[in-house]
Amino acid sequence: FIIITMRTIDTAKRDKVIQTVLQITMEEGLAALSFDKLAKRAGISSGTPYVYYKDKTDMLSCIYAQVWQGLQEGLQQAIDMGRTPGEMLFFGLRQLAQTLLAHPQEAHFFLSVVNAPEFVTAEALQENSLPSPPLMAVYQEAIARRLMKTDNVAYINAVLFGPLFLILQQHRQSGTPAVMSEVEKVLDLSVSAVLKIR
């Protein structure tokens, strides 16, 4: 969902760089990533990544922004299916979870950056942070209507996203696929935990 392949060779090389970064991150982690390893794995010259990125931090920041944009696909439509703030939150989180499950490499990369933000720039984190604008609008509406148990966005994020990210991480570590029905139960508990009335 991230990569849109164009006909130019430069775009194809950049796409290859991105795909290789995702693969190395999935297999070895962000810390193991280097331009030399990337070039060898992708079958490109060691200078090629520098055509697109200043350094490793710039590269990871740009890819993180692309992954973040991909995670937003279909989010507003999912939120719009809800009639209440609780339904809107649940449908939005479910859409995000479905996207993460459908794209395991991107999901692993995203969660790796969330767990180790020092690998990307502060600007990349600030511009591509939770909650996304569609979810923030739901937060604000629920807070304005005094439906949330807190108006602290950091607390709301922790309760809504922490369990989801944890369950995905546990499945990744155990090598077992996460099942959407299980994820939905976790999301239901998370949404109930932040709202006064569901």
Side-chain angles (χ1 to χ4, degrees), residues 1-5 18-19 22 25-26 61-115 117 120 124-145 147-174 176-198:
F1 71 99
I2 300 171
I3 315 304
I4 299 171
T5 309
I18 294 169
Q19 280 305 129
L22 296 176
T25 303
M26 185 114 174
S61 298
C62 290
I63 295 172
Y64 176 69
Q66 281 186 269
V67 169
W68 174 249
Q69 289 306 311
L71 292 177
Q72 307 307 303
E73 289 179 14
L75 184 58
Q76 186 63 62
Q77 295 92 324
I79 289 170
D80 290 343
M81 289 172 21
R83 290 170 289 129
T84 65
E87 287 181 354
M88 291 177 192
L89 286 175
F90 178 80
F91 292 146
L93 289 170
R94 185 176 66 183
Q95 176 63 31
L96 176 63
Q98 287 172 333
T99 305
L100 289 167
L101 289 175
H103 302 279
Q105 285 187 336
E106 289 85 350
H108 184 75
F109 180 85
F110 176 75
L111 294 175
S112 294
V113 172
V114 168
N115 290 324
V120 299
L125 287 173
Q126 188 174 0
E127 291 171 13
N128 306 287
S129 64
L130 293 166
S132 60
L135 281 171
M136 187 64 187
V138 179
Y139 287 16
Q140 289 170 336
E141 179 189 343
I143 290 168
R145 291 172 56 189
L147 300 175
M148 289 284 197
K149 291 179 181 173
T150 179
D151 61 1
N152 185 311
V153 172
Y155 294 171
I156 296 168
N157 278 346
V159 174
L160 290 179
F161 295 104
L164 169 61
F165 293 165
L166 182 61
I167 197 109
L168 294 177
Q169 186 176 3
Q170 287 173 342
H171 277 284
R172 165 92 177 106
Q173 288 170 342
S174 68
T176 59
V179 180
M180 198 59 208
S181 59
E182 173 191 26
V183 172
E184 286 179 350
K185 287 176 186 170
V186 171
L187 298 179
D188 192 51
L189 287 170
S190 297
V191 172
S192 295
V194 297
L195 291 173
K196 291 178 183 174
I197 301 170
R198 175 95 193 267

Review point. Side chain of Gln95, backbone of Leu71: donor and acceptor closer than 3.5 Å?
Key: no

Practice item. Using the test side chain to side chain contact (heavy atoms under 4.5 Å, CB included), find all partners of Ser112 that sit at least two apart in sequence or belong to another chain. Key: Thr25, Leu30, His108

Revision key, fill the gap. Quick note, salt bridge (charged side-chain N to carboxylate O under 4.0 Å, His left out) partners involving residues 148-165, not counting sequence neighbours, are none

Revision key, fill the gap. Sequence neighbours excluded, the answer for side chain to side chain donor-acceptor pair (under 3.5 Å) partners of Ser190 is none

Point to revise | salt bridge (charged side-chain N to carboxylate O under 4.0 Å, His left out): pairs with one or both residues in residues 74-83, sequence neighbours excluded | key: Arg83-Glu87

Review point. Going by the salt bridge (charged side-chain N to carboxylate O under 4.0 Å, His left out) test, which pairs reach into residues 125-142, not counting sequence neighbours?
Key: Glu141-Arg145

Check your understanding: Within a strict 4.5 Å, meaning less than it, do heavy atoms of the Ile63 and Leu22 side chains meet?
Key -> yes

Check your understanding: Ser61 and Ala124: which non-hydrogen atoms are nearest, and at how many Å?
Key -> CB-CB, 3.7 Å

Exercise for review: Would you sort out whether Val67 and Val113 count as a side chain to side chain contact (heavy atoms under 4.5 Å, CB included), showing the intermediate values?
Suggested key: CA-CA 11 Å; Val67 169; Val113 172; over 6 Å; no

Exercise for review: Drop me the distance from Leu160's CG to Leu189's CG, to the nearest 0.5 angstrom.
Suggested key: 11.5 Å

Practice item. Using side chain to side chain contact (heavy atoms under 4.5 Å, CB included) as the criterion, list what pairs up with Val159, not counting sequence neighbours. Key: Ala193, Val194

Check your understanding: What heavy-atom pair brings Gln72 and Ser132 nearest, and what distance separates the two atoms?
Key -> OE1-CB, 2.8 Å

Point to revise | Leu111 CG to Arg172 CZ distance, which is reported to the nearest 0.5 Å | key: 10.5 Å

Point to revise | Residue list, ring-ring contact (aromatic ring centres under 6.0 Å, His included) with Phe109, at least two apart or on another chain | key: none

Practice item. State which residues pass side chain to side chain donor-acceptor pair (under 3.5 Å) with Asn157; sequence neighbours excluded, sorted by chain then number. Key: Tyr139

Point to revise | Residue pair Met26 / Pro104: nearest heavy atoms and the distance that separates them | key: SD-O, 3.7 Å

Practice item. Any chance you could measure Leu75, atom CG, to Leu135, atom CG, to the nearest 0.5 Å? Key: 5.0 Å

Check your understanding: Can you list the residues that meet the side chain to side chain contact (heavy atoms under 4.5 Å, CB included) rule with Ser129, with sequence neighbours excluded?
Key -> none

Exercise for review: With rounding to the nearest 0.5 Å, note down the distance linking OG1 in Thr84 to CG in Leu195.
Suggested key: 8.0 Å

Exercise for review: Only counting residues at least two apart or in another chain, list the ones meeting side chain to side chain contact (heavy atoms under 4.5 Å, CB included) with Gln170.
Suggested key: Leu166, Ile167

Check your understanding: With sequence neighbours left out, what residues match Phe165 under ring-ring contact (aromatic ring centres under 6.0 Å, His included)?
Key -> Phe110, Phe161

Exercise for review: State the CD-CD1 distance between Gln105 and Ile18, to the nearest 0.5 angstrom.
Suggested key: 12.5 Å

Review point. Does the side chain of Trp68 reach to within under 4.5 Å of the side chain of Leu125, using non-hydrogen atoms?
Key: no

Practice item. Please report the shortest heavy-atom distance between Pro134 and Gln76, naming the atom on each side. Key: CB-OE1, 3.2 Å

Review point. What distance separates Met88 CE from Ile79 CD1, expressed to the nearest 0.5 Å?
Key: 8.5 Å

Check your understanding: With side chains defined as the heavy atoms from C-beta onward, is the minimum distance between Leu187 and Leu89 less than 4.5 Å?
Key -> no

Check your understanding: Does a side-chain heavy-atom distance below 4.5 Å link Thr99 with Glu106?
Key -> no

Please tabulate, one pair per line, all N/O donor-acceptor pairs under 3.5 Å involving side-chain atoms of residues 177-185, not counting sequence neighbours.
| from | atom 1 | to | atom 2 | distance (Å) |
| --- | --- | --- | --- | --- |
| Glu182 | OE1 | His171 | NE2 | 2.8 |
| Glu182 | OE2 | His171 | NE2 | 3.4 |

